[in-house]
Number of protein chains: 2
Amino acid sequence: MKRPKDQLKAHIRAQNQTLILETSERVFARQGLAKTTTQMIADEAGLPKANIHYYYRSKKDLLEAVLERILRLWLDSVSEFNVEEGPKHNLTRYISEKIDQSRINKNASKIFAMALIGEETFVLDYLRNLFVTELSREKATIQIWVDKGLMASVPTEHLFISIWAMTQTYADFDAQVKIMLQKDQLVEDDYEEAKQFITRMVLAGCQVMEVEV
Amino acid sequence: MKRPKDQLKAHIRAQNQTLILETSERVFARQGLAKTTTQMIADEAGLPKANIHYYYRSKKDLLEAVLERILRLWLDSVSEFNVEEGPKHNLTRYISEKIDQSRINKNASKIFAMALIGEETFVLDYLRNLFVTELSREKATIQIWVDKGLMASVPTEHLFISIWAMTQTYADFDAQVKIMLQKDQLVEDDYEEAKQFITRMVLAGCQVMEVEV
DNA sequence: GTCTATACAAAGATAGAC
DNA sequence: GTCTATCTTTGTATAGAC
């Protein structure tokens, strides 16, 4: 049975962990994974460095906790395909949600990209699991649409690779995008233009029927 | 007037610099920019660490030399648009060349991506220059095609952002691509499929006329 | 031009007092 | 649970002999 004192402790623990994770996310995204020091995180969180190591034994542990948090959040923010609604609605929504993710959670996206480019085992393992479960279902759904004549047959894997690449680039390489668009900051309209153009290419490339289903 | 001795020294210098740069490119790509130590580079090049610092005063200098080498090489490996040939040929060739770049010079692409995601001043400055000179010309060429009715009017900046994102992802995030395709290594056929699919989306999205010009 | 030895700084991590 | 002080390792960079 939990006593009040334990509850207080648990509360403090949860609060500090959240503070550390949120701060880490910012610092990791800003500085890069390897350049980030536990000292920087401690300073920005307003805690002594030893506290960081009290909650997360090593920097690696901390990074993995940050990644886990990001990935859980991510899965929730993108809808699954709904076969009845047909390819047009689903692909349009999917692209829209991925772009929103880039805008709203840019740091998360950057950290994920950094971990992926650095081939962090943690992220690779996660992806392997995800693809076995998720992608095979999306692939089956697309096949149904193809069979119904609602869209052309496409290499599903390359389709997803392309959509992810196009949408994430607005978060991961936003510095490049800003230079291209000659802007100091990206605004909502920029993301909307991106959505429209990407959607247009995907729908046209997959020869998605214009008709409603 | 150069004496033989000076020529010998110059030769040794050039040879060592090339060795160091090529080795650095491999190690930077494998380990990440920040994780790479001058010691690793020295070991892999078979030189004492002090020699690295003799040729490149600091790690930052070395990284910039590596980046400069990569960027020079890159510019040469992609053709400019040729207005007479029309959009179909040009876009198809452009995508093909970019994918080839990903395959043949994967390390260079990764280092570039790492530097970009880390917002290295050196790379951002380079891009700024490039866009002022190159992109404005490509943009003008596309406008000519649009005026001639050879393709639809598209947001040029987003078009290039998308093409770069899709083609580079096969180099930068090849770990992810491998998982998606369930392969240990990407082979030429994988890159060919990517080329075809990306080209298909771009041409369809831009409503490029099928007719020859 | 090469390389050993070393200076110096900074990072990750922990011990131990409070 | 908090935090100061400290240990250990490792990195960048250079001095100085050859």
Side-chain angles (χ1 to χ4, degrees), chain A residues 2-28 30-67 114-115 118 120-122, chain B residues 2-24 26-28 30-67 114-115 118 120 122:
Chain A
K2 279 199 180 179
R3 293 169 303 155
K5 207 170 184 179
D6 291 335
Q7 285 181 26
L8 178 61
K9 279 192 181 178
H11 177 66
I12 290 177
R13 167 168 282 268
Q15 204 168 17
N16 277 332
Q17 284 187 330
T18 305
L19 172 63
I20 292 171
L21 289 179
E22 284 177 353
T23 308
S24 302
E25 195 175 306
R26 275 201 310 280
V27 182
F28 274 132
R30 198 172 60 229
Q31 299 282 340
L33 307 187
K35 265 193 191 168
T36 296
T37 68
T38 49
Q39 186 66 62
M40 288 174 194
I41 295 171
D43 290 346
E44 190 152 330
L47 294 171
K49 186 171 62 165
N51 276 29
I52 309 294
H53 282 96
Y54 172 71
Y55 287 105
Y56 300 94
R57 186 163 299 275
S58 69
K59 187 184 165 184
K60 197 166 183 296
D61 285 352
L62 174 55
L63 174 60
E64 293 188 357
V66 170
L67 284 170
M114 288 169 178
E120 294 275 339
T121 322
F122 186 87
Chain B
K2 280 200 179 177
R3 292 168 304 154
K5 208 170 183 179
D6 291 334
Q7 284 181 28
L8 177 61
K9 279 192 181 181
H11 178 65
I12 290 176
R13 166 168 284 269
Q15 206 169 14
N16 277 332
Q17 285 187 329
T18 306
L19 172 64
I20 292 170
L21 289 179
E22 284 176 352
T23 308
S24 302
R26 275 200 311 280
V27 182
F28 274 133
R30 199 172 59 228
Q31 299 283 339
L33 307 186
K35 264 192 189 166
T36 295
T37 68
T38 50
Q39 184 67 64
M40 290 175 194
I41 295 171
D43 289 347
E44 190 152 330
L47 294 170
K49 186 171 61 167
N51 275 30
I52 309 294
H53 282 96
Y54 171 72
Y55 287 106
Y56 300 94
R57 186 161 300 274
S58 69
K59 186 184 165 184
K60 197 167 183 295
D61 285 351
L62 174 55
L63 173 60
E64 293 189 355
V66 169
L67 285 170
M114 288 169 176
E120 294 275 338
F122 186 87

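Computation of the quantities below employed the complete heavy-atom set of this structure, encompassing side-chain atoms and omitting hydrogens, waters and symmetry-equivalent molecules. Residue numbers begin at 1 in each chain, while the letters A, B, ... track the order of the sequences.
- Between the CD atom of A/Gln39 and the P atom of D/dA5 there is a distance of 14 Å, given to the nearest Å.
- For B/Thr23 against B/Ile41, the heavy-atom pair with the smallest separation is CG2-O, 3.7 Å.
- The side-chain hydrogen bond (donor to acceptor under 3.5 Å, both in side chains) test applied to B/Arg30 returns B/Glu44, not counting sequence neighbours.
- A/Lys35 has its NZ atom 15 Å from the P atom of C/dA10, to the nearest Å.
- Partners of B/Lys49 by side chain to side chain contact (heavy atoms under 4.5 Å, CB included), not counting sequence neighbours, listed by chain and number: B/Thr38, B/Gln39, B/Ala42, B/His53.
- Remark: P of D/dG11 and CG of B/Asp43 are 10 Å apart, rounded to the nearest angstrom.
- With sequence neighbours excluded, the residues forming a side-chain hydrogen bond (donor to acceptor under 3.5 Å, both in side chains) with A/Asn16 are A/Tyr55, listed by chain and number.
- With sequence neighbours left out, the side chain to side chain contact (heavy atoms under 4.5 Å, CB included) criterion links B/Ala65 to B/Leu21, B/Tyr56.
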Could you list the protein-to-nucleotides 1-4 of chain D atom pairs, N/O on both sides, closer than 3.5 Å?
{"residue": "D/dG1", "atom": "OP1", "partner": "A/Lys9", "partner atom": "O", "Å": "3.1"}
{"residue": "D/dG1", "atom": "OP2", "partner": "A/Arg13", "partner atom": "NH2", "Å": "3.3"}
{"residue": "D/dG1", "atom": "OP2", "partner": "A/Tyr54", "partner atom": "OH", "Å": "2.5"}
{"residue": "D/dT2", "atom": "OP1", "partner": "A/Asn16", "partner atom": "ND2", "Å": "3.1"}
{"residue": "D/dT2", "atom": "OP2", "partner": "A/Asn16", "partner atom": "ND2", "Å": "3.4"}
{"residue": "D/dT2", "atom": "OP2", "partner": "A/Tyr55", "partner atom": "OH", "Å": "2.9"}

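- The 5' end of DNA chain C is approached more closely, in terms of each residue's nearest nucleotide, by A/Met40 than by the other of A/Met40 and A/Arg57.
- A/Lys60 meets the side-chain hydrogen bond (donor to acceptor under 3.5 Å, both in side chains) test with A/Glu64; sequence neighbours excluded.
- One atom, NZ of A/Lys60, and another, C1' of C/dA11, lie 18 Å apart when rounded to the nearest Å.
- In this view, A/Glu120 satisfies the side-chain hydrogen bond (donor to acceptor under 3.5 Å, both in side chains) rule with no residue, not counting sequence neighbours.
- Summarising the geometry, the separation between NZ on A/Lys59 and P on C/dA10 is reported as 16 Å, rounded to the nearest angstrom.
- Put simply, A/His53 has a side-chain N or O that comes within less than 4.0 Å of OP1 or OP2 on C/dA13.
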ask   = Given Watson-Crick or G-U pairs with both distances under 3.5 Å, what dot-bracket string fits DNA chain C, with | for other-strand pairs and [ ] for crossing?
value = ||||||||||||||||||
query = Hey, mind stepping through B/Arg13 and B/Tyr54 against side chain to side chain contact (heavy atoms under 4.5 Å, CB included) and telling me if it holds?
reply = CA-CA 10 Å; B/Arg13 166 168 284 269; B/Tyr54 171 72; 3.7 Å; yes
